[in-house]
Every structure is written in structure tokens, then in C-alpha cells.
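Comments concern the structure below.
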Amino acid sequence: MNILYVLVPLALLLAGAGVAAFVWSVRTGQYDDVETPSMRILMDDDMQAPTSEPESDQPASEN
């Protein structure tokens with residue numbers, strides 16, 4: 001029973017730290033842009049340079 005005198009205040013301190021971290025993140029703008037991260041995966045940032053392989057006159061052989 002005596003352990004509750006330690007665990008309850010400790011749990012309240014951890015909960016308060018979580019709430020404080022959430023409030024800080026909202027105030028600093030961490031949740032302002034919610035659209036761009038989900039659209040970023042659809043954007044192709046890696047533009048590959050065209051390869052300059054010579055075209056052969058012979059058709060590719062089928063295996």
C-alpha cells in the first residue's frame with residue numbers, strides 16, 4: 001500500500017510531462033501542415049538522367 005504513495009504522484013508527473021510536451025508541440029507548429037507529408041510520397045523527386053545506350057539494329061533474342 002505504501003508503494004501507491006510513490007506511484008500515483010509519479011504517474012501524475014509523467015502524465016503532466018506528456019501534456020506539456022503536447023502543448024509545446026502544438027504551440028511550435030508541429031501540426032500545422034498535415035497535407036504535405038501524405039502527398040510527398042506521390043511526388044517524384046528523383047529525376048533520372050536519360051541513359052545514352054546505343055540502340056542496336058538487331059532484335060533482342062528471346063529465351
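For clarity, every value in this text was computed on a predicted model and none was experimentally measured. The analysis underlying the following values was restricted to heavy atoms, covering all of them including side chains, and did not include hydrogens, waters or symmetry mates.
- Not one N or O on the side chain of T36 forms a donor-acceptor pair closer than 3.5 Å with the backbone of D33.
- Contact check for V26 versus Q30: no side-chain heavy atoms found under the 4.5 Å cut-off.
- One finds the CG atom of L7 at 10.5 Å from the CG atom of L14 (value rounded to the nearest 0.5 Å).
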